[in-house]
> 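The structure is given below, and queries will be raised subsequently.
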Amino acid sequence: MKTTKHEWNLKGICCANCAQKIVTAVQNMEGVASARLDFANAKFYVEILDGQDTGSIRERVKTIMADIEPGSSIVDDVPEQEEDEEGSFKKRIALYIGGLLLFITAIILPKESLPETLLFITAWLIFGGEVLAKSFRNILKGRVFDENFLMTIATIGAFVLGEYAEGASVMLFYQIGELFQGYAVDRSRKSIKKLLDIKPEFANLITENGLIRAQPANVRIGDRIKVFPGEKIPLDGRVIEGHSSVDTSPLTGESLPRDVQEGDEVLSGSINQTGVLTLEVIKSYENSTVNRILELVQTAAGKKAVTERFITRFAAKYTPAVVGLAAILAIVPPILTQTPFSQWAYRALVFLVISCPCALVISIPLGFFGGIGAASRRGILVKGGNYLEALAGVDTVVFDKTGTLTTGVFEVTGITPRPGFTGQELLYYAACAESNSTHPLARSILSKYGKSPDPDRMGSHEEIPGRGVRARVDGKQVLCGNRSLLKDHQIDADDVPVSGTSLYVAVDGIYAGRIDLGDALKPDARSAVERLRALGIQNTVLLTGDTEVTARDVAKRLGIGRVHAQLLPQDKVTVLERIMEEKQGANPVAFVGDGINDAAVISRADIGIAMGGIGSDAAIEAADIVIMNDEVGKLGDAVTIARKTRRIVYQNIVLALGVKLLFLAMATGGLATLWEAVFADVGVALLAVLNAMRVIKAGDKLH
């Protein structure tokens, strides 16, 4: 059946664990085809079957959200959402200050007095009222084992044992920790949103009645729009009037502006800097560069890394297991050792407080999304945390040649005249003969010659398909083309293997010499390969449809280890599969191509990386990672960010589990109190979230 996609803004979503529960509940709703909640960006993406009442489903979703995380909801206006959240935050602060004053007063009052007890209970209700309500509501709905349940059982147990101060303090410090975690999550969200703040808000549409401000989604292909200095370019277009400098850094990470004039294409999301541009729209907003990037980055959070999926499953099993162990700790030792039940019950309560999995379920997804954001800041579009994690483990990179390591533009690499001719004469005859040709090699010859040949010195001109050019220059017949052209005219020419291609020149039936041309290397190609080697990626392979001589020459100049030449597109796939079989799944294999002719092999690789393909639908669809400009050197940045992300994620796992295991052991031995337990839990969660936020800035520190 057909479906309709909806994107809803959320407020009040601060718990990653709750977010996962909301998604599960909505996915099970009748009429919903799929649901995905982007925790980092506070967005809900719901796909509704056609024929269903969207309004009714939306209201049911809001009810589910309110049940699972009170205070959360769907909002239509983002500024309104931010104002509501700011107001709610201030109210919570005021409430907690009141509770804190009661708590301090209770500590001052005489021990074990009725006023002291009542004040502790009141403070506990102020701090934990929301937690208690969530816990009981979830129990009624069959959702028992979560952090609310753990805090409720621990604090009620503390009161039963007469530990009123510790019971109230558990809720106090838990809520303080939640506030700090919410603040850290909010900062992460704002940082990520800032990275993606490229969505144009309007387009200046040219109509018969003058300029009107229109929504980009309502502008059609072929319409004309004006873009004034300082405005974002709303849609992909072709300049039909004006010239300007365009800042493409929001898309490519490049700080150097690009000059554009009539006939040039510009990408949506770029910023017009100097002159007024009139554009003809060449893509609808749905298919525009800026919208495709936003969609891909926003859906990237849904493609979870293996580590993220593990943590989600781990948390689901871990919490019930801890509750079971706490129950055993409270019941079994007193029976076996004849020690007081209250002593072991207290230890079990400490056990419960420490076991809360918040540090993991919040910080791990934020770590991967932070890595995706850091990469996008460098002009590297990663489609999901799974690809980022896989890239961190790559030890083999397979390259396409033309358009990836080379510019795809030929340049003269050598001039070899025969006796009787000079190099300048040879170049002159070739430039005159090729002056009317549109072939790329002709443009390279003219570029080397450096000036336009005098048309008065040239006569007839004839292009011979598959051979070259026959022309009259200064009254002489000049042949310029491949060896077959000269052979057709019974003229012998050198047969020396060269890297690239050669044009052979004959003047009045006499072989005059040859001009060698080669595909120029990209300026950063060699340093890119060297950087990969410095990162420990020793296995580099070159795949190309070019000749063996050319391929080996390029590989030698770049320091690439293996070469496979004269390959058709389907041959590249076969060779790549052979390389992947050799690896036997030990480490992922990445393929880097130009995204246009290499779609098949990009799709087949463990990680497909497209170079300079931001304007190419083939690149965006086929690749897992898109380097949004033509710099192959960004590949090293991508690997560095991926490894830093993985390192920080692993640090959080070790930190959270290590501290928890230590305190669980201490709790079992009676060496930890409820105070220490809540400090350990809140402290670890805060450190893990703050550590995850470091990834977002990782891209800025790269050179």
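Note that the structure is a prediction, hence the values are computed from the model and not measured. Every heavy atom of this structure was used, including side-chain atoms; hydrogens, water molecules and symmetry mates were not.
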> Are Ser270 and Thr248 linked by a side-chain donor-acceptor pair shorter than 3.5 Å?
no
> Taking Arg378 first and then Asp637, would you say they form a salt bridge - that is, a charged N and a carboxylate O separated by under 4.0 Å?
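Looking at Arg378 and Asp637, the cut-off is met.
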> Hey, is the main chain of Gly608 close enough, under 3.5 Å, to the side chain of Asp624 for a donor-acceptor pair?
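Yes, because the side chain of Asp624 sits within donor-acceptor range (under 3.5 Å) of the backbone of Gly608.
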> As an exercise, state the distance from CZ of Arg238 to CG of Leu279, rounded to the nearest 0.5 Å.
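Arg238 atom CZ to Leu279 atom CG measures 10.5 Å (nearest 0.5 Å).
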> Short question: side chain of Asn204, backbone of Arg213 - any donor-acceptor pair under 3.5 Å?
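Absent.
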> Nearest 0.5 angstrom please: Ile48 CD1 to Arg58 CZ, how far?
9.5 Å
> Would you say the side-chain atoms of Ser73 and Lys11 include a donor-acceptor pair closer than 3.5 Å?
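No, because no side-chain N or O of Ser73 sits under 3.5 Å from a partner of the opposite role on Lys11.
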> Rounded to the nearest 0.5 Å, what separates atom CD in Glu280 from atom CG in Asp236?
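The CG atom of Asp236 is 13.0 Å from CD of Glu280, to the nearest 0.5 Å.
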> Partners of Glu130 by salt bridge (Lys or Arg N to Asp or Glu O under 4.0 Å), sequence neighbours excluded?
Lys134
> How long is the gap from OG1 on Thr404 to CZ on Phe591, to the nearest 0.5 Å?
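Interatomic distance, Thr404 OG1 to Phe591 CZ, rounded to 0.5 Å: 6.5 Å.
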> Quick check against the 3.5 Å criterion: does Lys383 have a side-chain atom that pairs as donor or acceptor with the backbone of Ala623?
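Yes: the side chain of Lys383 pairs with the backbone of Ala623.
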> Sequence neighbours excluded, which residues qualify as salt bridge (Lys or Arg N to Asp or Glu O under 4.0 Å) partners of Glu47?
none
> Using distance only, find each side-chain donor-acceptor pair of residues 445-455 under 3.5 Å and give its atom names and separation, not counting sequence neighbours.
from, atom 1, to, atom 2, distance (Å)
Asp454, OD1, Asp456, N, 3.0

> For Thr4 and Asp50, which I'm curious about, is there any donor-acceptor pair between the side chains at under 3.5 Å?
yes
> Once you round to the nearest 0.5 Å, how far does NZ of Lys522 lie from CD of Glu631?
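Taking NZ in Lys522 and CD in Glu631, the distance rounds to 9.0 Å.
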> Using a strict cut-off of less than 4.0 Å between a Lys/Arg side-chain nitrogen and an Asp/Glu carboxylate oxygen, indicate whether Lys572 and Asp400 qualify as a salt bridge.
yes
